[in-house]
Each structure stands twice: as C-alpha cells, then as structure tokens.
Amino acid sequence: MVDEPLVLGIETSCDETGVGIVRGTTLLADAIASSVDTHARFGGVVPEIASRAHLEAMVPTIERALKEAGVSARDLDGIAVTAGPGLAGALLVGVSAAKAYAYALGKPLYGVNHLASHICVDQLEHGKLPEPTMALLVSGGHSSLLLAPDITSDVRPLGATIDDAAGEAFDKIARVLNLGFPGGPVIDRLAKEGDARAIAFPRGLSGSRDPAYDFSFSGLKTAVARWIEAKRAAGEEVPVRDVAASFQEAVVDVLTRKAVRACVDEGVDHLMIGGGVAANSRLRALATERCERAGIRLRVPRPGLCTDNGAMVAALGAEMVARNRPASDLELSADSSLPVTDPHVPGASHGHAHGHGHDHDHVHEISKDNLYS
C-alpha cells in the first residue's frame, strides 16, 4: 500500500480538458484547457468540436500540470481518467490518452466515475470524507442525492432528476431571457439584484405524495418561460432580475430541502455539495442556513473544484491506490452512461463496453459542470 500516492488525473467528459496531480489528499497541480468560447455561439456544447479540442489540448495540458507540480511522469504511482458518464467522443480522447501514458510509463490505470470524482474532490479541501458521505451533486447533466459508504466501491443513489437537471434549467431560462450561454453565472449575478419573492414559481416534486429525493425542473422551466412569454405578449417589460431571483430560489429551495431531509432520514450528520451548480452563491447560502438549523455540517469545495477538473479525478484515483483497489486493464473503454454505482471501472474484460448516446447529437443542450452546466 502506498501511503501518499502520487496520481495524475485526466478529465474530458464534456468540453474541458482537465489534468490534475494529487499526492494523497494534497493538490499539487490543476491545469485546465477550456473550449467553452468555441461552443458559446451554438448555445450548447458541440460534441465533435469538444473532442477535437481535447485532442489538441491533451499533451500540452499534461505537460503543464507536471511542471506545475514539480514532478516527473515517472514519479507517478498511477494514472486516473474519467471513464464516464459524459460525451462518448470526448471521453474516448481522455481514456485513450490515459491508456497510452499508463502503458508507456508502466503505471497502473484507473478508470473512474465522473460523479464519484465530484464527491471525492472535497478531500482536497476539507480532508478525508466521512463514511458514509451524503452528497448532493448538481450540474447540467445531473441532480443527484447519493449516499457513499465507501467512495471507491460503494455509492448508492437515493434520488435523481427525472427530467431537466438543475444546470440545464439555468441554461434554458437564460436562453429565454436572452442572457447567453452559459446561463448559470449570469443568472446568479442578476438574482442578487432581484427579489426572490416577487414571483411564486412552482417547486417540482415537493408534494407529500411525490418521491422524497427525486428532482424535476422541467415544470419549473416551462412555468418561467410561459410567465415571460405572457409579459412580452402583453407588451410589458420583463423584470429580468426578479425573474432570475425567483427562478433561482425555486431551484435551490428544492435542492437544499431534499438534501437536508435525506441527511436527517439516513442519520448522516453532514452534507457534501458538488458539481458545477455548487458554485451558485444562493445555493451555498441557503444550504448553510438550513444545515446549521438541522445540526448538519456542510462541506462545499471552492468553486474552482466544483466545476469539471482533473484534480477531482486524481483525488479519486489516489484513493483507489491508497485502498489497494484493482487497477483497470488496458482494455478499459469509455462508457457515456456509466452508472454512479460503478465508482471504478475494471475494464472491458469485466463486461464494460463502449458508451453510447451523446456523440451523435449535433448540439448537446445539457450544459456542463463548469458552466453551471
């Protein structure tokens, strides 16, 4: 067993090429190359463009991370890479690069889960995760409540979005308000100048007969869009700041209420929040307020670690090495729909095949973690 494993992590699930280097739970380097500006004019991520950008950025970003960390590639104890979920083509670039480096250097390879990595990254800021960990992950593709007794081998979904994820709703409402892409940061900024009680937008799946931990933001998105359209049809000015504040409040109200309820129901005295929407200032504030009231300790990484990055992949990889988890084989394949119940992928010989689903989309509407996405 390696006490403080030195691991390089590669993240290419969407449109950011992230490379992180971690020693144990200490972050040594976090290098990112983003192609977000290229996608902004399309109003969403174009998978083919994202994949090409990863190809071009991969080697320079790895070299930059090694230089920043002050280590040689030969010093590494392992190479970790996001094997899924995500855009199939983008994932394949990262997985292929990780396999090449692992083979050339004679280092073990660890294919890890994007969502489990978002939980594990908190170790880089707040120390070892409690066991079990209750995590609320909120991004463009995911709104999930997860219970993780062991982040390397046992992650249990308690609830998830049944339609639009939280970050996706932010982007779609921003589009209706003509605020551009990505929508999360600009809505957060405008909401600070608006009245969150101005408009009573609905709270999805919050009735007594609704699933306790599942999320739905499609109805909210439709209600906000119709409210805006009605104002415009009547020739009235749309109060953009009040709409942003009221919409944002409806999202974070449901997220925090369900997360705190899950902690209480499961007897867990802490809550970790991760994913791109965890950078939202109102989500952080309301979560802090409700957790304090319920006697729950809140753990939220700094915004730069909430968005997609290689550091989170390296963090989970280092934990795999430290706990002597089996390395993935070199037949490891990307899986665009990898379930969160698989925090670690041993490889194709163990039944995992190539992912499917997103690489044929012309424009990927689900924004991404780093974009509130």
Side-chain angles (χ1 to χ4, degrees), residues 2-36 53-83 86 90-91 93-114 116-129 151-152 274-276 278-279 300-322 327-328 368-370:
V2 182
D3 290 331
E4 292 287 338
L6 181 68
V7 174
L8 180 144
I10 297 172
E11 154 61 25
T12 62
S13 66
C14 197
D15 70 334
E16 284 194 323
T17 309
V19 179
I21 299 177
V22 164
R23 189 184 298 278
T25 58
T26 303
L27 178 60
L28 303 182
D30 184 18
I32 293 177
S34 177
S35 60
V36 59
H54 289 310
L55 279 170
E56 295 172 353
M58 183 60 65
V59 173
T61 308
I62 289 176
E63 291 177 347
R64 180 154 49 98
L66 289 167
K67 184 177 180 181
E68 182 183 333
V71 300
S72 163
R74 300 196 179 280
D75 298 330
L76 297 169
D77 295 306
I79 309 283
V81 62
T82 300
L91 290 167
V93 176
V95 168
S96 298
K99 291 198 288 189
Y101 275 92
Y103 179 77
L105 296 167
K107 304 295 182 181
L109 172 70
Y110 296 88
V112 300
N113 190 292
H114 181 78
S117 296
H118 268 305
I119 300 174
C120 200
V121 74
D122 192 57
Q123 292 197 153
L124 304 180
E125 188 150 8
H126 299 118
K128 286 287 188 181
L129 289 170
I151 193 59
T152 65
V300 189
R302 63 183 180 272
L305 291 180
C306 291
T307 57
D308 285 354
N309 58 80
M312 68 188 201
V313 179
L316 183 52
E319 198 63 26
M320 295 289 178
V321 176
S328 304
K368 28 141 347 272
D369 294 340
N370 120 349

For Asp308 and His118, which I'm curious about, is there any donor-acceptor pair between the side chains at under 3.5 Å? yes
Ignoring hydrogens and angles, tell me if any N or O in the side chain of Arg64 forms a donor-acceptor pair with the backbone of Ala29 under 3.5 Å. no
Looking only at atom types and distance, does a side-chain atom of Ser328 sit under 3.5 Å from a main-chain N or O of Gly111, one as donor and one as acceptor? yes
Rounded distance (nearest 0.5 Å) linking atom CG of Leu8 with atom CG of Leu66: 6.0 Å
To the nearest 0.5 Å, atom CG of Leu124 lies from atom CG of Leu28 at 9.5 Å
Can a side-chain donor-acceptor contact be found between Thr12 and His54 if the only test is distance below 3.5 angstrom? no
Any chance you could measure Leu91, atom CG, to Cys14, atom SG, to the nearest 0.5 Å? 9.5 Å
I'd like to know if the side chain of Ser96 reaches the main chain of Val93, judged simply by a donor and an acceptor atom lying under 3.5 Å from each other, with no hydrogens or angles considered. no
Find out whether Met312 and Gln123 are in side-chain contact, i.e. whether some heavy atom of one side chain is under 4.5 Å from a heavy atom of the other. no
Distance check, rounded to the nearest 0.5 Å: Met58 atom CE versus Thr17 atom OG1? 5.5 Å
Exercise: identify the closest heavy-atom pair between Ser117 and Val112: OG-CG2, 3.6 Å
Going through the distances and angles, do Val81 and Tyr110 end up as a side-chain contact (heavy atoms from CB on, under 4.5 Å)? CA-CA 6 Å; Val81 62; Tyr110 296 88; over 6 Å; no
Heavy atoms, side chains only, cut-off 4.5 Å: are Tyr103 and Ile79 in contact? no
Please check this pair: side chain of Lys107 against backbone of Leu76, looking for a donor-acceptor N/O pair closer than 3.5 Å. yes
Will you find, in the side chains of Thr82 and Glu11, an N or O donor that is under 3.5 Å from an N or O acceptor? yes
Are Asp122 and Val300 close enough, and set up right, to give a side-chain contact (heavy atoms from CB on, under 4.5 Å), and what steps lead you there? CA-CA 7 Å; Asp122 192 57; Val300 189; 6.0 Å; no
Grab the two heavy atoms, one from Val7 and one from Ala314, that are nearest each other, plus how far apart they are. O-CB, 3.6 Å
Heavy-atom donor-acceptor pair, Glu319 side chain to Thr152 backbone, under 3.5 Å: no
Please give me the minimum heavy-atom distance between Thr61 and Ala33, naming the atom from each residue. OG1-CB, 3.7 Å
Apply side-chain contact (heavy atoms from CB on, under 4.5 Å) to Glu125 and Leu305, showing your working. CA-CA 9 Å; Glu125 188 150 8; Leu305 291 180; 3.9 Å; yes
Check Pro5 against Val321 and note the closest heavy-atom contact, atom names and distance. CB-CG1, 3.5 Å
Under 3.5 Å, is there a donor-acceptor pair between the side chain of Asp75 and the main chain of Ala73? no
Which atom names give the shortest non-hydrogen contact between Cys120 and Ile151, and what distance separates them? CB-CG1, 4.1 Å
Looking at Val313, Leu27, Asp30, Val121, which one forms a side chain to side chain contact (heavy atoms under 4.5 Å, CB included) with Val22? Leu27
